[in-house]
Each structure stands twice: as C-alpha cells, then as structure tokens.
Asker: 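One structure, pasted below without further comment.
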Amino acid sequence: MPEPAEKPTHFIHEIINADNAALKWGTWPDSGTPRVHTRFPPEPNGYLHIGHAKSICLNFGLAEQYAGKCNLRFDDTNPEKEEEEYVRSIIEDVRWLGFHWDGASKAAASAGGDPKAGVIFSSDYFEKMYEWAVRLIEKGKAYVCDLTAEQTREFRGTLTNPGRNSPFRDRPVAENLDLFARMARGEFADGSRTLRARIDMASPNLNLRDPVMYRIVHATHHNTGDKWCVYPMYDWAHGLEDSIEGITHSICTLEFENHRPLYDWFIDAINEGEPPDRRIHHPQQIEFARLELTHTLMSKRKLLELVKGGHVRGWDDPRMPTLSGLRRKGYPPEAIRNFAADIGVAKFNSTIDVVRLENAVREVLNKSAPRRMAVLRPLKLVITNYPEAGESLEAVNNPEDAAAGTRMVPFSRELYIEQEDFQETPPKGYFRLFPGNEVRLRYAYFVRCTGFIKDPETGAISEVHCTYDPATQGGDSPDGRKVKGTIHWVSAPDAIEAEVRLYDHLFTAEDPENVPAGGRYLDQLNPTSLVTLRGCKLEPSLATAACHRDEHGAIAPDRVQFERHGYFATDPDGTPGMPVFNRTVSLKDTWAKAQKKK
Ligand code: ATP
Ligand code: MG
C-alpha cells in the first residue's frame with residue numbers, strides 16, 4: 001500500500017489533505033482512514049488517449065495515495081454512439097496503465113477473470129435518476145416542454161440577452177407527471193418533447209436557463225435494451241452518478257466549472273425538504289486543466305475521423321495519441337505515469353511540448369532497454385585482410401545497468417554498416433568512414449577504408465573495402481592511437497532481416513487545430529509520419545524478439561535500443577522469420593533541432 005501523500009504536490013492534494021484533517025467525508029468503516037473516493041468516468045464512444053491518461057493517473061493515483069477507492073464507470077447514457085469494442089479497449093488500457101478499480105480484485109483482473117468485474121455502467125442508475133426526476137416534477141422544479149430543439153435554443157437567449165420562459169413552463173404538476181411517464185413509455189416521437197429543470201431563464205450562467213434533463217430517443221441501449229424511450233442528459237446524469245457512488249472528490253476538466261452550479265442545484269433540489277433518509281450525497285467537484293500536447297489532436301471525434309478516413313491504420317496505429325497506439329509504439333506504461341506526475345495538475349490550461357512525453361519514455365527505456373546493433377539502410381563492408389572464419393565478440397547489454405550483463409555477437413569478414421556511415425568525399429567534420437580514414441567498429445576493431453565499389457549504372461556505392469588492425473580487438477589501440485568515429489555493424493552472414501517502421505509526428509503543425517481560414521486539420525497531416533524500411537539487418541540475438549500479450553491480453557512488445565538509432569519495439573505484424581520493429585522514440589530530440597535549423 002503506497003504511503004498517503006504527505007507533501008502536497010498540487011492543489012488537489014491540498015484540498016484533500018484539508019478535507020481529511022476535518023474528516024469532511026467520514027472514514028472507511030473497514031480501515032478507519034478518511035474517505036477519499038474518486039472515479040474515472042469515460043464515455044465508451046472511442047479509445048482512450050494520452051489526455052485520458054492524465055485523468056486516470058490523477059484519479060486512480062489519489063485513491064492509491066490516500067488508501068481510498070476509485071471507480072471505473074462507463075458513462076453510457078447516450079444509446080446511439082457507444083460500442084462494446086470501446087468498453088473492452090478502455091478496460092484494457094486502464095489495466096495496462098497498472099490501475100485497479102474498486103470492486104476489481106487483483107485476482108479477477110488477471111488471466112481468466114471477468115475483465116468487467118467491478119466495472120460500473122451509468123445505465124444501471126437509470127431507474128433511480130428517473131425517480132429523482134419525478135421528485136423534481138412533484139416539487140414544481142421540472143416540467144415537460146414541447147418546444148422544438150431549435151425553439152429551445154432560440155428561447156435560451158445569449159450571454160448578453162436573457163432567455164425567455166417556455167410557454168410550457170407553468171404546466172400543472174399532474175400534467176407533467178403524466179406526460180413524462182408517457183415520454184418514458186415511448187408514446188411520443190423523438191425530439192417532440194423534453195423534460196427541463198425549472199430554474200431561471202435570466203440567469204447569467206446559461207447552464208441554469210432551464211436545462212434539458214431528458215430527451216426522447218427510441219433506440220436500443222446496449223445495457224437496458226428497449227426499456228427506456230427517454231435518456232438523461234449528461235448534466236443531469238453526471239452529478240447523480242457521483243452521488244449514488246458516494247464519490248467524495250469528483251474531478252473533472254475546467255470546461256465543467258460553470259456546470260458546477262447546475263450540478264449543485266440538482267442535488268439541492270432533490271434534497272430540499274426531505275427527511276435524512278431521502279437525502280442524497282453531495283459530492284465536491286474539483287476542476288483541473290485538461291492535457292493538451294503539441295503536434296497532437298485529442299478530440300475523439302477527430303480521432304475517429306482519422307481512423308474512418310484511412311489516414312491511419314486504426315485506433316492503435318503507433319502515430320495515434322491513443323493509449324493503444326502508444327502501447328503499440330512501445331511506450332512503457334510507467335513512462336506515461338511518470339509523465340503524468342511530471343506535468344502535475346493545475347487550474348489553468350496550457351499546452352505541453354510533446355517532447356516532455358518523449359523524454360519520459362527515453363528515461364524509462366534508457367534504464368531498461370537492452371542495446372542491440374541494427375543496420376537500417378545497409379551497405380556492405382568487406383575487411384579484406386580478415387580471415388575467412390569469423391569470431392564472437394563480447395558486447396555490453398546496457399551500460400546503464402551492469403546487471404544486464406553482456407552477450408556474444410558474431411563478427412566476420414563481411415559486415416553491414418549504415419549507408420550514411422560512409423562518404424566518398426567527406427564533408428567538413430565527418431569522422432566516419434571515407435577513403436583513408438580509420439574508425440572504430442563498436443566492440444570490435446579499428447578499420448581503415450581502402451576503397452569502394454560503385455555501381456556503374458546508378459553511381460551508388462555498393463561495397464566499401466577496408467583493412468583491420470588485429471591489435472585493436474575490443475575497440476582500443478594498444479599504441480594509444482585515437483579515432484574520432486565509432487560506427488555499428490552487423491555480420492552479413494549472420495544477419496536477421498527485419499522491417500522497421502519509423503514514425504514522426506502525425507501533424508506537422510504544432511497546433512493542428514490552428515489552420516488557416518478555409519483549411520482543415522487534415523491539411524496538417526505529416527506526409528512522412530511513417531517511413532517503412534525493409535531489408536534492415538539485425539544482429540542475430542534479435543532472432544527471438546517477438547510481440548507478446550500481457551495477462552490482460554494487451555500487446556506486450558519486446559523493447560530494445562538499436563544503438564545510435566533510438567528505442568524500438570516489436571510489432572504484432574511481425575512473424576518469426578520477419579520481425580517488424582516500431583521506432584518508439586529516437587535517442588535525442590532530433591525534431592526540435594531540425595525545426596530550429598529551419
Ligand atoms: P467527449 O466528451 O468529447 O466524448 P472526452 O475526452 O471528454 O470526450 P470522456 O470519455 O468524457 O471523453 O472522458 C473521460 C474523462 O477523461 C473525463 O473525466 C474527462 O475529464 C477526462 N479527459 C478527457 N480528455 C482529457 C484531457 N485531454 N486531459 C485530461 N483529462 C481528460
Ligand atoms: Mg466528456
């Protein structure tokens with residue numbers, strides 16, 4: 001059990017610490033610790049993205065820090081947009097991040113258990129919400145309104161003009177009760193009537209101008225089937241869901257700040273004049289700034305468009321900001337948790353440089369990813385004075401982790417090196433191979449370039465020749481001779497073939513939403529966000545690299561560092577004979593550097 005947060009690192013800690021000191025929400029009966037109960041309430045209408053991860057880490061993190069509870073609640077109040085696929089993926093993502101919701105025992109959450117154990121669906125509360133709506137009608141605080149959607153908008157007024165009362169606002173209670181019951185039974189057409197709260201059409205807060213509580217929808221709901229023909233609006237439902245579950249700190253993003261008076265009004269209206277046993281819990285809403293990232297879109301509607309329009313390969317395309325995409329790209333869940341902790345929680349919106357997320361990934365992988373040699377754009381290097389029989393050389397697995405040990409890598413007369421590691425006429429400051437120059441082959445020998453072969457037709461370099469100095473085995477010269485360049489290599493006869501997918505930002509623009517007039521965010525798509533390389537050569541220890549599944553069925557790639565290239569992860573498209581690697585992240589932030597040069 002993690003220690004309760006003693007030192008507050010953000011304003012929500014401060015609020016909770018003060019609440020706990022005052023025992024504002026009482027104590028848990030079993031442990032006696034002050035009650036902290038949060039929830040993560042996704043709408044199952046898309047895959048979770050990195051923005052959701054911020055909210056997940058916050059809500060589940062607080063429950064861990066304060067020995068409290070966090071619910072996973074699917075906000076399935078909209079029967080038309082929600083799909084089972086999204087429910088499954090959301091459960092997978094929350095577990096992958098390493099969190100457990102209240103009611104999900106760790107045993108049930110692992111192999112074989114019901115993945116939905118302990119999961120809550122808002123639709124389970126429809127009955128209760130309906131009862132409370134009836135209670136508001138009885139108190140004269142809600143009415144059935146026959147205005148069309150368009151009229152309702154018109155009557156609502158604007159920020160500068162008050163709204164006008166609906167002509168149905170003073171309907172007698174008995175008529176409202178009768179009409180609402182018939183709406184629920186399906187006697188009226190979609191859109192013909194609504195149930196509205198009777199608050200104040202002149203309120204400066206537009207959310208309080210008699211908001212709609214229920215609309216008529218004849219649709220089959222994935223959970224309740226055809227039972228209901230009315231469905232609660234988000235603003236009516238959300239606070240009640242939190243109330244039913246006894247949520248103490250109902251944490252949401254800033255755009256709901258001016259909905260809070262409405263949520264408070266609903267609960268106060270339900271409770272008004274009621275005896276204690278009919279009063280309902282009143283949670284405390286706390287707003288925080290949502291995550292925005294450079295070069296990244298997070299609107300679910302737009303992410304769906306990218307998938308449907310074939311601009312990416314699917315929700316889990318490694319270029320997507322979805323958790324399934326980041327997972328496939330090779331992001332470790334701890335990197336996402338570290339990132340969430342690093343960016344903190346604030347009360348004002350700001351855009352975070354995506355490089356901070358990438359740096360969090362680099363930090364985790366630097367410590368954990370074994371180093372391997374891989375040549376992505378191969379060029380043959382022949383060591384003309386090296387014997388026919390090769391040898392095995394020792395290579396360090398991870399200089400950051402002595403416990404990772406070493407491995408043996410085959411070396412031979414014919415190697416592959418990167419095309420860019422040879423230049424016929426070297427530019428200034430080029431320390432790699434060129435005629436006459438000596439470099440170090442990593443973990444092997446010093447070699448000096450003696451010549452090269454050019455394809456007579458294309459003019460491309462097809463082979464580079466060199467000689468080696470046997471006295472430099474291991475990469476050091478006994479006579480103290482220095483070389484400025486060290487390059488990696490793969491033994492040609494031992495190489496494994498692989499496909500390697502290099503990813504770049506999906507959007508070139510820093511803010512893809514900020515498009516010139518007449519343009520669309522789709523115009524900002526980066527045409528080289530994916531570069532696929534085939535015929536890459538890997539050292540043979542990577543022959544067993546594969547993409548596994550974790551105990552929850554989520555993909556669990558092998559993650560390595562290809563020396564000098566970056567961090568890579570196995571993709572499920574790979575086969576035993578032809579592994580596929582995704583570039584998780586480059587070693588350094590080459591993008592920012594390239595941009596600065598421009
Ligand atoms: P929409 O409401 O447009 O479908 P949404 O992103 O708000 O999209 P929800 O399923 O309602 O989707 O989100 C679930 C939770 O995740 C909410 O509590 C919301 O506040 C939080 N959340 C969503 N996007 C972000 C973000 N970018 N940063 C932080 N939290 C977010
Ligand atoms: Mg939402």
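These numbers come from the heavy atoms of this one structure, side chains and all, not from hydrogens, waters or symmetry mates. Start at 1 and go down the list; that is how both ligands and their atoms are numbered.
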Asker: Is it the side chain, the backbone, both or neither of Asn45 that has a heavy atom closer than 4.0 Å to ligand 1?
Answerer: side chain
Asker: Any non-hydrogen atom of Phe256 lying under 4.0 Å from ligand 1?
Answerer: no
Asker: Taking the six-membered ring for Trp and the full ring for Phe, Tyr or His, determine whether the centres of Tyr263 and Phe256 are under 6.0 Å apart.
Answerer: no
Asker: Is Lys300 touching ligand 1 with its side chain, its backbone, both, or neither, if touching means heavy atoms under 4.0 Å apart?
Answerer: side chain
Asker: Using only heavy-atom distances, determine whether the side chains of His259 and Gln285 contain a donor-acceptor pair under 3.5 Å.
Answerer: no
Asker: Answer with yes or no whether Arg301 contacts ligand 1, where contact means a heavy atom under 4.0 Å from a ligand atom.
Answerer: no
Asker: Answer with side chain, backbone, both or neither: which part of His49 has a heavy atom less than 4.0 angstrom from an atom of ligand 1?
Answerer: side chain
Asker: Is there a donor-acceptor contact under 3.5 Å linking the side chains of Asp226 and Thr220?
Answerer: yes
Asker: If I apply the N/O under 3.5 Å rule, does Leu291 come out as touching ligand 1?
Answerer: yes
Asker: Check this for me: does any side-chain nitrogen of one of Glu43 and Lys300 sit under 4.0 Å from a carboxylate oxygen of the other?
Answerer: no
Asker: Tell me whether Gly51 has any N or O atom under 3.5 angstrom from an N or O of ligand 1.
Answerer: yes
Asker: Just checking Glu510: does its CD atom have more than 12 heavy atoms from other residues, nucleotides or ligands closer to it than 6.0 angstrom?
Answerer: no
Asker: Would Glu150 and Thr148 count as having a side-chain donor-acceptor pair, cut-off 3.5 Å?
Answerer: no
Asker: Report yes if Lys54 has an N/O atom closer than 3.5 Å to an N/O atom of ligand 1; otherwise report no.
Answerer: no
Asker: Please classify the Pro41 to ligand 1 contact at 4.0 Å (heavy-atom distances, strictly less than): side chain, backbone, both or neither.
Answerer: both
Asker: Would you say His282 and Asp264 are linked by a side-chain donor-acceptor pair, where the criterion is simply a distance under 3.5 Å?
Answerer: yes
